[in-house]
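Below is one structure, written out as structure tokens; the observations come after it.
Values below: all heavy atoms of this structure, side chains included; hydrogens, waters and symmetry mates excluded.
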Amino acid sequence: MTNVRTSGGAAGAAPAAGPAPHGPHGQDGPREGAAQGPAGLGVHPDELPDGLVVADENGRVTCFNAAAARITAVPSEEALGRSLESALPLEDLDGRRWWPLTDPYGGPPTRVGQPERNLLLPGGREVLVSARFVRERPAGPVRRLVVQLRGTDARRRTERSHAELIATVAHELRSPLTSVKGFTATLLAKWERFTDDQKRLMLETVDADADRVTRLIAELLDISRIDSGRLELRRQPVDVVAAVRRHVQAYTTAGHRPDRFEVKVTGPLPELWADPDKVDQVLGNLLENAVRHGEGRVTIEVAPALLKARPEGTEGTAVTVSDEGPGIPEESMSRVFTRFWRGSKRGGTGLGLYIVKGIVEAHGGTITVERAACGGARFRFTLPVGAPAFLSQA
């Protein structure tokens with residue numbers, strides 16, 4: 001770790017208010033820049049995840065931590081002691097020099113800081129900058145300027161992901177809505193020209209496309225709740241084996257051969273408390289994935305399991321879904337549960353497995369994918385079992 005040096009004896013990381021402390025240690029004091037928290041724990045500037053730049057009352061840089069050096073590509077040794085404008089030559093998006101424009105030391109004395117905004121480093125690289133003006137007293141002169149720097153890579157990835165999501169949704173909605181509009185307009189304009197069988201066929205197509213739109217909207221709502229951490233679970237006892245058999249029966253009723261599915265149960269199974277609708281959603285998605293993208297027999301195994309990431313002895317229920325298809329390439333394994341991943345050209349939004357992972361993890365469980373013994377894909381998810389705390393305390 002690179003030690004942050006301070007000039008003029010000022011502390012590298014600013015306390016909430018007041019001038020920079022001066023003491024007998026000066027520049028040679030132990031771990032300059034450490035800020036004492038409420039529990040007396042020291043936090044060194046280099047340990048902060050974001051860039052930290054501190055300037056004294058004269059605008060000279062007294063702290064330039066490792067993250068700031070990484071973001072700006074300016075070594076800490078070169079920045080310390082220089083004027084803030086020289087060490088951190090920021091411009092706004094219109095190319096205007098930022099420090100003379102914002103004038104932190106000579107501006108209105110009522111200001112307490114600058115909200116986060118996009119600014120440009122030399123070379124045109126964007127950086128997120130926010131600042132706080134530390135004063136000894138309200139409306140007093142600025143004694144210390146604390147600047148936080150953050151890279152824009154994470155924000156750009158989020159914005160790009162949102163743009164991809166919008167584009168995917170627009171594409172997926174266009175086809176069924178075009179179909180719904182076309183058939184309904186045709187029926188309204190030429191109702192008497194069609195036979196009852198033709199009308200039924202068109203209405204069945206409209207009904208199926210409406211279901212497709214409904215599923216897509218439900219997926220979008222799930223993604224929104226998962227990303228924001230607001231996915232609600234209504235836990236109750238769940239019979240996983242019965243749920244598996246129910247899904248298999250739905251496929252055989254729809255025309256799939258019964259011998260294509262095999263259900264293996266290793267018991268006795270511990271009682272599972274989970275959201276039954278969400279468990280159904282996970283099972284349905286994994287089975288659909290195996291039937292649509294896999295080949296041969298689809299095997300569903302249900303068995304008790306121990307959760308390694310939890311306290312010793314914590315039980316779980318593991319469900320494994322495997323097929324005999326071509327499987328998933330090794331280089332794609334790490335991307336299976338990301339948005340928009342598609343294992344084949346057989347359609348789909350590429351959102352299903354992302355939602356499955358979010359649901360499983362919201363239950364406190366885990367999900368993995370690997371190559372099955374017969375060469376196909378093998379998905380395994382494990383959910384922790386046991387009654388909720390409010391019942392176990394009763």
Side-chain angles (χ1 to χ4, degrees), residues 1-2 4-8 10-17 19-20 33 35 43-135 139-164 166 227:
M1 179 179 294
T2 303
V4 176
R5 298 196 302 271
T6 60
S7 64
V43 178
H44 194 269
D46 282 352
E47 298 170 356
L48 299 175
D50 295 329
L52 175 67
V53 179
V54 181
D56 62 16
E57 58 188 4
N58 298 315
R60 296 289 174 180
V61 175
T62 60
C63 174
F64 205 87
N65 74 345
R70 183 183 68 252
I71 292 171
T72 62
V74 176
S76 300
E77 295 78 6
E78 293 184 12
L80 291 172
R82 294 167 59 184
S83 69
L84 182 62
E85 183 177 352
S86 172
L88 197 61
L90 297 170
E91 296 181 352
D92 66 11
L93 300 184
D94 295 324
R96 296 174 296 182
R97 294 165 58 200
W98 175 243
W99 295 118
L101 186 66
T102 189
D103 194 12
Y105 291 94
T110 56
R111 294 186 304 169
V112 296
Q114 285 283 346
E116 186 176 75
R117 60 182 300 162
N118 279 47
L119 296 176
L120 300 177
L121 291 168
R125 188 158 56 93
E126 289 190 25
V127 63
L128 298 172
V129 181
S130 58
R132 182 181 177 191
F133 307 153
V134 181
R135 307 174 189 272
V142 173
R143 293 301 185 186
R144 188 162 48 254
L145 182 65
V146 182
V147 181
Q148 177 181 324
L149 305 175
R150 291 197 300 134
T152 60
D153 292 345
R155 176 175 291 187
R156 287 187 179 278
R157 285 194 298 269
T158 300
E159 292 174 349
R160 185 164 54 249
S161 178
H162 288 167
E164 291 174 353
I166 292 172
D227 288 347

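Interatomic distance, CG of L120 versus CZ of R125, reported as 10.5 Å (0.5 Å rounding). Separation of atoms CG (L90) and CG (N118) is listed at 11.5 Å; rounding is to 0.5 Å. Separating the CG atom in L101 from the CD atom in E91 is a distance of 11.0 Å, to the nearest 0.5 Å.
The shortest distance between side-chain heavy atoms of E85 and P100 falls below 4.5 Å.
Here D50 pairs with nothing under the salt bridge (charged side-chain N to carboxylate O under 4.0 Å, His left out) rule; sequence neighbours left out. When the side chain to side chain donor-acceptor pair (under 3.5 Å) test is applied to R70, no partner is found at least two apart in sequence or on another chain. Listed by chain and number, the residues in a salt bridge (charged side-chain N to carboxylate O under 4.0 Å, His left out) with D227 are R339 (sequence neighbours excluded). Under the rule for a side-chain contact (heavy atoms from CB on, under 4.5 Å), the partners of Q114 that lie at least two apart in sequence or sit in another chain are W98, T102, R111, A131, F133. Checked against side chain to side chain donor-acceptor pair (under 3.5 Å), D92 has the following partners two or more places apart in sequence or in another chain: R96. With sequence neighbours excluded, the residues satisfying salt bridge (charged side-chain N to carboxylate O under 4.0 Å, His left out) with R150 are E116.
Scanning both residues, L149 and V53, for their nearest heavy atoms gives CD1-CG2, 4.0 Å. For the residue pair S76 and A69, the shortest heavy atom distance occurs at OG-CB, 3.8 Å. P89 and S86 get closest at one heavy-atom pair: CD-O, 3.7 Å. Among all heavy-atom pairs drawn from P104 and W99, the shortest one is CD-O, 3.8 Å. Looking at every heavy atom in both residues, N65 comes nearest to L52 through OD1-N, 2.9 Å. Residues V74 and F64 approach most closely at O-CE2, 3.5 Å, considering heavy atoms.
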Check: Can you list the steps and then say if T72 with V127 is a side chain to side chain contact (heavy atoms under 4.5 Å, CB included)?
Finding: CA-CA 9 Å; T72 62; V127 63; over 6 Å; no
Next item on the list: Tell me, with the steps shown, if L119 and R117 meet side chain to side chain contact (heavy atoms under 4.5 Å, CB included).
Entry: CA-CA 6 Å; L119 296 176; R117 60 182 300 162; 4.0 Å; yes
Checklist line | Residues V134, L145; criterion side chain to side chain contact (heavy atoms under 4.5 Å, CB included); working and verdict | finding: CA-CA 6 Å; V134 181; L145 182 65; over 6 Å; no
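Judged by distance alone, with hydrogens and angles left aside, the side-chain atoms of R135 form a donor-acceptor pair with the main-chain N or O of G140 at under 3.5 Å. E78 places no side-chain N or O within 3.5 Å of a backbone atom of P75 that could act as its donor or acceptor partner.
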